[in-house]
Protein chains: 2
Amino acid sequence: MGAAKKAGEGKKITISELAEEFGITPRAIRYYEELGLLCPHRKSPTSQRLYDEKDRVRLKLILRGKRFGFSLAETREILELYEADPTERRQIQRTLEYGLEHLLEIDEKIDELKELRREMLEFARRFLKILESMAEEDPRPDPRLRKFLESYRPRLEAVAKRKI
Amino acid sequence: MGAAKKAGEGKKITISELAEEFGITPRAIRYYEELGLLCPHRKSPTSQRLYDEKDRVRLKLILRGKRFGFSLAETREILELYEADPTERRQIQRTLEYGLEHLLEIDEKIDELKELRREMLEFARRFLKILESMAEEDPRPDPRLRKFLESYRPRLEAVAKRKI
DNA sequence: AATAACCTTTACGTTAACGTCAATTTCATG
DNA sequence: CATGAAATTGACGTTAACGTAAAGGTTATT
């Protein structure tokens, strides 16, 4: 019964497979490891790296961090939260404090993004109106302009209506 | 009456004043100009740069872009949207297309941030429970631990309750 | 066991986004 | 108008986040 556990322990993949899966290069993955963000299993210290599901999840978080403008060092701090020793009280406290801080940062970012969204939406609408009034005033409106307006308006409104 | 307009045209400030206002260095501001993101007024091409409210708004957008992981080149593209020539139809069309693209990108980022937020919240709660159960099982609980728990719980719930 | 395909480390190269001088110029002020 | 503070233009340095090439080890397949 102990053996059964070890048997179905999920498939491991190589570095280039993982890289392709995420559209990055093996070099990048090794670099993340160099900075302590990843730590894949290896049969011997010189043999190939083998990545499992946990590694995939971590890599996903790393890339997400990048998209939000976190440096790899910052992302590493966040990742360390996810694996703090759950037996050390003091350690848990620090983890919780840190986590709350990052939560507040994330909320700020969301707020800012929403504001940027509002501004850009308003901006797009203003420009759209200019274009529409140009089309109306034109005695012989360009058919391509008509087509553009007909396709653009609903697309913009679809984005505008989204509940974010 | 034409003169009155020109008179109250808002105050202009120097580069180091602007820099201090945003907590960055003059060098950074000059660098943004070098990349075409700013273009302050100058009395002669060799004299001091003087920044007005419009420049301040642009700089704010630049720094916000940075916080979201946009490169300066990307931010420049976005900024160019904001000053497209409103007499060239074709130009307006491209601006609108571009703007919509960026809006979709922003929506994606917001979604991802929300997901990250959910995950981190869940995570914090799980860790908090561990700590709480440790405190309950302890026959002589550490008063500092009690204090921490009492301050942390409401703080976390305040964040959790926020409508984002 | 040979061989190709893939992996490993080592090491130097590159780009973006500034930092940091240094050598002038310009500006405000007594 | 002198003079000290602040601004300007080079020009080179730095750091993060990889890219790239070389030289050799591992794995899978025939």
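Order of the sequence lines sets the chain letters (A, B, ...), proteins ahead of strands, with each chain counted from 1. In this text, all values refer to a predicted model and were calculated from it rather than measured experimentally.
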Q.
Between P on C/dC6 and CD1 on A/I13, what's the gap in Å once rounded to a whole number?
A. 15 Å
Q: Quickly work out the A/E33 CD to D/dA17 C1' distance and round it to whole Å.
A: 16 Å
Q) Which residue pairs pass the ring-ring contact (aromatic ring centres under 6.0 Å, His included) test when at least one of the two sits in residues 75-97 of chain B, sequence neighbours left out? A) A/F123-B/Y82
Q | Partner residues of B/E80 under the side chain to side chain donor-acceptor pair (under 3.5 Å) criterion, sequence neighbours left out | A | B/R76
Q. Roughly, in whole Å, what's the span from OH in A/Y51 to C1' in C/dT8?
A. 11 Å
Q: For A/L35 and for B/L50, locate the closest nucleotide of DNA chain D by heavy-atom distance; then report the residue assigned to the nucleotide nearer the 5' terminus.
A: B/L50
Q | Whole angstrom value for the distance that separates P of C/dA16 from CD of B/E34 | A | 12 Å
Q.
Could you work out, with side chain to side chain donor-acceptor pair (under 3.5 Å) as the rule, every residue matching A/R30, not counting sequence neighbours?
A. none
Q) To the nearest angstrom, how far is A/R76 atom CZ from D/dA16 atom C1'? A) 15 Å
Q. What ring-ring contact (aromatic ring centres under 6.0 Å, His included) pairs are there with at least one residue in residues 83-119 of chain A, not counting sequence neighbours?
A. A/Y98-A/H102
(Q) Applying side chain to side chain donor-acceptor pair (under 3.5 Å), can you list everything that pairs with B/E34, at least two apart in sequence or on another chain? (A) none
Q: Using a strict cut-off of less than 4.0 Å between a Lys/Arg side-chain nitrogen and an Asp/Glu carboxylate oxygen, indicate whether A/D142 and A/R144 qualify as a salt bridge.
A: yes
Q.
Any salt bridge linking A/R58 with A/E83? Criterion: basic side-chain nitrogen under 4.0 Å from a carboxylate oxygen.
A. yes
Q: Classify the nucleic acid contact of A/R30 as base, sugar-phosphate or nothing, counting any heavy atom under 4.0 Å across all strands shown.
A: base
Q.
Please report the distance, rounded to the nearest Å, between CD1 in A/I29 and P in D/dC18.
A. 11 Å
Q: Between protein and nucleotides 20-30 of chain C, map the contacts as a letter string: B base, S sugar-phosphate only, - none, heavy atoms under 4.0 Å, written 5' to 3'.
A: B-----SS---
Q: Any side-chain hydrogen bond (donor to acceptor under 3.5 Å, both in side chains) involving residues 118-131 of chain B? Give me the pairs, sequence neighbours left out, ordered by first then second residue.
A: A/R64-B/E119, B/R125-B/E157
Q.
Between B/F148 and A/L81, is there shared hydrophobic-cluster membership here, with clusters defined by ILVMFWY side-chain heavy atoms closer than 4.5 Å?
A. yes
Q: Could you please name the option among D/dA7, C/dG19, C/dC7 that lies closest to any side-chain atom of B/T25?
A: C/dG19
Q. Which of the following nucleotides, D/dT8, D/dA17, C/dC18, is nearest to the side chain of A/L72?
A. D/dA17
Q: Measure from the side-chain heavy atoms of A/S16 and tell me the nearest of C/dT9, C/dC6, D/dT8.
A: C/dC6
Q: Could you check how far CZ of A/R49 sits from C1' of C/dC6, rounded to whole Å?
A: 13 Å
Q | side chain to side chain donor-acceptor pair (under 3.5 Å) partners of B/E20, counting only residues at least two apart | A | none
Q) Considering only heavy atoms, which members of residues 58-69 of chain A lie under 4.0 Å from some atom of DNA chain C? A) none
Q) Between B/Y32 and A/P26, who's closer to the 5' end of DNA chain C by nearest nucleotide? A) A/P26
Q: For B/Y31 and C/dA16, give me the distance from atom OH to atom P, rounded to whole Å.
A: 7 Å
(Q) On the nucleotide C/dT9, are OP1 or OP2 found under 4.0 Å from the side-chain N or O atoms that A/R42 carries? (A) yes
